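In what follows, a single structure is set out as structure tokens and then discussed.
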Amino acid sequence: MNEFSYDPFKYHFERLEDVADKISEVLQCPITIEDVNHRLLAYSTHDDCTDQARISTIIGRRVPEKVINSLWKDGTIPQLLKTDEPVRVGQIDEVGLGNRIAISIWKNNEVLGFIWALEIEKHLEENELLLLKKAAQAVKNKMLNLQVRKTKKEERNQEFFWKLLTGHISSEAEITTGFQELNLSLPVPFTIVVFKFPHELNATAEKKLTYMLQTTQQVNIIFHTIDFDEVVILLSSKGASPLTDIKQFTTHMLRQLHERYSFKNVMASIGGIFTNPTFIEKSYKEAEAVLTVKKKFPLETKELTSFSELGIYQYLDILYDLRKQSDYVNYSLQKLKEYDKQHSSNLVETLEVFLNLDSHVHDASKALNIHVNTLNYRLKRISEIAEINLKNMNQKLTIYLDLKLDRLSL
């Protein structure tokens, strides 16, 4: 029989596990089959040889995140996302990965998943690589059925998540029942995290983001949804320090978005961390409030991502409304503005930079690109003109707030 026409995988297989066993039998090496997000779908049994990466994948039902990161760095995954040809992967000792061959499973222009064949005790020859390509076709047919079921479940999840975010389901009993109907649990404590992009997210970007959220193992991702230029995520921490863990997750995500996909100028925000599911909507509103503040005050809030860290910025809207109702004018700030206008100076800017940097003269002089002596002279003039004591915390805080409220009105 012609080797190009020989196809040992053309028969009907009941389960994906049966396909994995057949591939292993034909190629004489251990086989794992994953979806596009590196979750384990099936693996061959009775394998005498394996490696630590495969053992961890089977135990955890997903490829360890450190292995995924290594395969991105060495170019393996980017290559698999571009070709339907087998890709040879060299061993990576630090993550316990032995030599293997990988091939992507395609439907039209979309990757559905991957087959991994370990080359521990043998080296696959050219004719065996041709058989691996035929195996990918057999796996594709089984995976298409899985994809239909997955799509229907995702639609139900999306509908329920938006009801939670918008408060259409508000009682604890309703929320608990909704989770149970979807066979999900809500780990606590939880929060809403939002990633805001500088442009609307297209289908390609959505797939990349879904991939990153499905492969992360830093936190528990419960739901996520795309809303125009935002990714909204309900998640919970895995450790004893939830805020720290979630902040590390957002930092890692922003870095990976830039390094893997060249996404720039993405903002992250974290809502309140709660244990009662009725506060999901509240956490979402707080995450959105963080984004609003970061947009208004980008320099002051550059390092802030969490609602709990916003401090006075949580209350600026309330203070602004009170100021408008009372027609209040800050006497000291008004005098500085008038002086700047008459003398074409920038004492208001100098004061704001100085206060932003916690009254550190050396940091402020660097930020303003002036000598320390020049800054000290300006601060002395500010105290004289504004009739303010810059060593008095109450006076400093008052004028600092009014500087920010001024910006809020712009």
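Every value quoted in this text rests on a predicted model; they were computed, and no experiment measured them. Just so you know, residue 1 is the first one in the sequence shown, and it goes up from there.
- For the pair S44 (side chain) and P30 (backbone), a donor-acceptor distance under 3.5 Å is absent.
- Applying the ring pair (Phe, Tyr, Trp, His ring centres under 6.0 Å) test to residues at least two apart or on different chains, the pairs with a partner in residues 57-81 are W72-Y211, W72-Y261.
- Sorted by first then second residue, the ring pair (Phe, Tyr, Trp, His ring centres under 6.0 Å) pairs that include residues 162-186, not counting sequence neighbours, are F160-F179, F179-F223.
- Applying the ring pair (Phe, Tyr, Trp, His ring centres under 6.0 Å) test to pairs two or more places apart or on separate chains, those with a residue in residues 91-146 are H38-F114.
- Here the side chain of Q218 pairs no donor or acceptor atom with the backbone of D245 at under 3.5 angstrom.
- Between the side chain of D51 and the backbone N or O of G98 there is at least one donor-acceptor pair closer than 3.5 Å.
- The closest donor-acceptor contact from the side chain of S104 to the backbone of D84 lies at 3.5 Å or more, if one exists at all.
- Interatomic distance, CG of L213 versus CD1 of I221, reported as 5.0 Å (0.5 Å rounding).
- Between K247 and E309 there is a salt bridge, with a side-chain nitrogen of the basic residue lying less than 4.0 Å from a carboxylate oxygen of the acidic one.
- A salt bridge links K133 with E85: the distance from a Lys NZ or Arg NE/NH1/NH2 to an Asp or Glu carboxylate oxygen falls below 4.0 Å.
- A donor-acceptor pair under 3.5 Å is absent between the side-chain atoms of T275 and the main chain of V188, judged by distance alone.
- The main-chain N or O of T301 is found under 3.5 Å from a side-chain atom of K294 such that the two form a donor-acceptor pair.
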Mind running side-chain contact (heavy atoms from CB on, under 4.5 Å) on R378 and E349 for me, showing each step along the way? CA-CA 11 Å; R378 287 189 191 176; E349 179 196 2; over 6 Å; no
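- For the atom pair CD1 (I115) and CD1 (I23), the distance works out to 4.0 Å, reported to the nearest 0.5 Å.
- The shortest non-hydrogen separation linking L316 to L405 is O-CD2, 3.4 Å.
- With salt bridges taken as basic N to acidic carboxylate O contacts below 4.0 Å, one links E25 and K22.
- In this structure, N276 contributes its side chain and T278 its backbone to a donor-acceptor pair below 3.5 Å.
- Residues S70 and L97 fail the side-chain proximity criterion, which asks for heavy atoms closer than 4.5 Å.
- Between H343 and Y339, the ring-plane angle classifies as parallel under the 30° and 60° cut-offs.
- Distance alone, capped at 3.5 Å, is enough to place a donor-acceptor pair between the E65 side chain and the Q217 backbone.
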